[in-house]
Enquirer: 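My questions will all concern the structure given below.
Just so it is clear, the values below take in all heavy atoms, side chains as well, and ignore hydrogens, waters and symmetry mates.
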Amino acid sequence: RHYGGYEYPQAGFVPPDMMQQQQPYTGQIYQPTQGYTPASAQSFYGSNFEDEPPLLEELGINFDHIWQKTLTVLHPLKVADGNIMNETDLAGPMVFCLAFGATLLLAGKIQFGYVYGISAIGCLAMFCLLNLMSVTGVSFGCVASVLGYCLLPMILLSSFAIVCSLQGVMGIILTAGIIGWCSFSASKIFISALAMEGQQLLVAYPCALLYGVFALISVF
């Protein structure tokens, strides 16, 4: 069209180079590719969850081993399994220390601080001594575990002190027997775990000194 000498393009006219071929809509615009399917992810995580150990074993609490160690302490003539006794298990010793302090509390003696303090010093002394005596060496956790489990007969002594006094002749005999029980069990476990054949009496002597301190707390 011409208006005043100027030619305007007609309405609705589109240049050919601006025309694009229209493609049908397939419904796949802006959709990501499926790298993995939910079924594959579920099978991946499911297999990992099935292979994982129980939560208590991850925390270092194995009730079967705790029961076997307890039976080893209660039966002094039973042969100790060195593989189980060499584990660092502090769940049982913590319970036994707490039970020992609780029985002393029932007897009118609030000695929780002394129990844990003497336990820490005794474990440190035995750790240094056993590393000097043994060839393979021992960890501090193993020493604390064995000494804590062998504290179980001392709980029986403190429980007996609730109902009667231990400051007589029978009390002295019972106390000496409990000290020998604890030290014999601890030395038996140590020589089994550390392969220290023929050195049980050398290990039992410092153990008897440690458990003798606990016996003095129970008696007096």
Enquirer: Is it true that a side-chain atom of S183 and a backbone atom of G180 form a donor plus acceptor pair closer than 3.5 Å?
Expert: yes
Enquirer: Please tell me whether L105 and M94 are part of a single hydrophobic cluster in this structure, the criterion being side-chain heavy atoms less than 4.5 Å apart.
Expert: yes
Enquirer: Answer yes or no: is there a donor N or O on one side and an acceptor on the other, between the side chain of Y211 and the main chain of L147, under 3.5 Å?
Expert: yes
Enquirer: Distance-only, no hydrogens or angles: does the S192 side chain make a donor-acceptor pair with backbone N or O of K188 under 3.5 Å?
Expert: no
Enquirer: Are L156 and I217 grouped together when hydrophobic residues (ILVMFWY) are joined by side-chain heavy atoms under 4.5 angstrom apart?
Expert: yes
Enquirer: Could you state the interatomic distance from CG (L152) to OG1 (T70), rounded to the nearest 0.5 Å?
Expert: 6.5 Å
Enquirer: Would you give the length of the straight line joining atom CD1 of I178 to atom CZ of F214, rounded to the nearest 0.5 angstrom?
Expert: 14.5 Å
Enquirer: To the nearest 0.5 Å, what is the distance between CE (M170) and CD1 (I173)?
Expert: 5.5 Å
Enquirer: Nearest 0.5 Å, please: how far is CG in L129 from CG in L124?
Expert: 11.5 Å
Enquirer: Looking only at heavy atoms, what is the nearest atom pair of L166 and A161, with distance?
Expert: CD1-CB, 3.6 Å
Enquirer: Find out if a path of hydrophobic residues (ILVMFWY) with successive side-chain heavy-atom gaps under 4.5 Å connects V143 to L202.
Expert: yes
Enquirer: Can you confirm whether L71 is buried at CG, in the sense that more than 12 heavy atoms of other residues, nucleotides or ligands lie under 6.0 Å from that atom?
Expert: yes
Enquirer: Are F127 and L209 linked, directly or through other ILVMFWY residues, by side chains that come within less than 4.5 angstrom of each other?
Expert: no
Enquirer: Does any N or O in the side chain of W181 come within less than 3.5 Å of the main-chain N or O of C150, such that one atom is a donor and the other an acceptor?
Expert: no
Enquirer: Can you pull out every side-chain hydrogen bond (donor to acceptor under 3.5 Å, both in side chains) where at least one residue sits in residues 151-177? Sequence neighbours excluded, please.
Expert: T103-S158
Enquirer: Give a yes or no on whether L201 atom CG has more than 12 heavy-atom contacts from other residues, nucleotides or ligands under 6.0 Å away.
Expert: no
Enquirer: For F140, I'd like to know if atom CZ has over 12 heavy atoms of other residues, nucleotides or ligands within 6.0 Å.
Expert: yes
Enquirer: Report yes if the side chains of V73 and P153 come closer than 4.5 Å at any heavy-atom pair, otherwise no.
Expert: yes
Enquirer: What residue among I121, L151, I118 forms side-chain contact (heavy atoms from CB on, under 4.5 Å) with L210?
Expert: I118
Enquirer: Please round to the nearest 0.5 Å and tell me the distance separating atom CD of Q68 and atom OH of Y149.
Expert: 10.5 Å
Enquirer: Can you see which heavy atom on S145 is nearest to which on L90, and at what distance?
Expert: N-CD2, 4.0 Å
Enquirer: Which pair of non-hydrogen atoms, one from G137 and one from S134, has the smallest distance, and what is that distance?
Expert: N-OG, 3.3 Å
Enquirer: L157 and S218: which non-hydrogen atoms are nearest, and at how many Å?
Expert: CD2-CB, 4.3 Å
Enquirer: Could you walk me through whether F190 and C207 pass the side chain to side chain contact (heavy atoms under 4.5 Å, CB included) test, one step at a time?
Expert: CA-CA 11 Å; F190 279 133; C207 293; 4.2 Å; yes
Enquirer: Do you reckon L106 sits in the same ILVMFWY cluster as I155, going by side-chain contacts under 4.5 Å, direct or chained?
Expert: no
Enquirer: Taking all atoms of both residues into account, what is the closest heavy-atom pair of I179 and A208, and its distance?
Expert: CG2-O, 3.7 Å
Enquirer: Would you compute the distance between atom CG of N131 and atom OG1 of T136 and round it to the nearest 0.5 angstrom?
Expert: 8.5 Å
Enquirer: Do you know the tightest heavy-atom contact between F184 and Q200?
Expert: CE1-NE2, 3.2 Å
Enquirer: Count the heavy atoms belonging to other residues, nucleotides or ligands that lie under 6.0 Å from OH of Y114, then report whether that count exceeds 12.
Expert: no
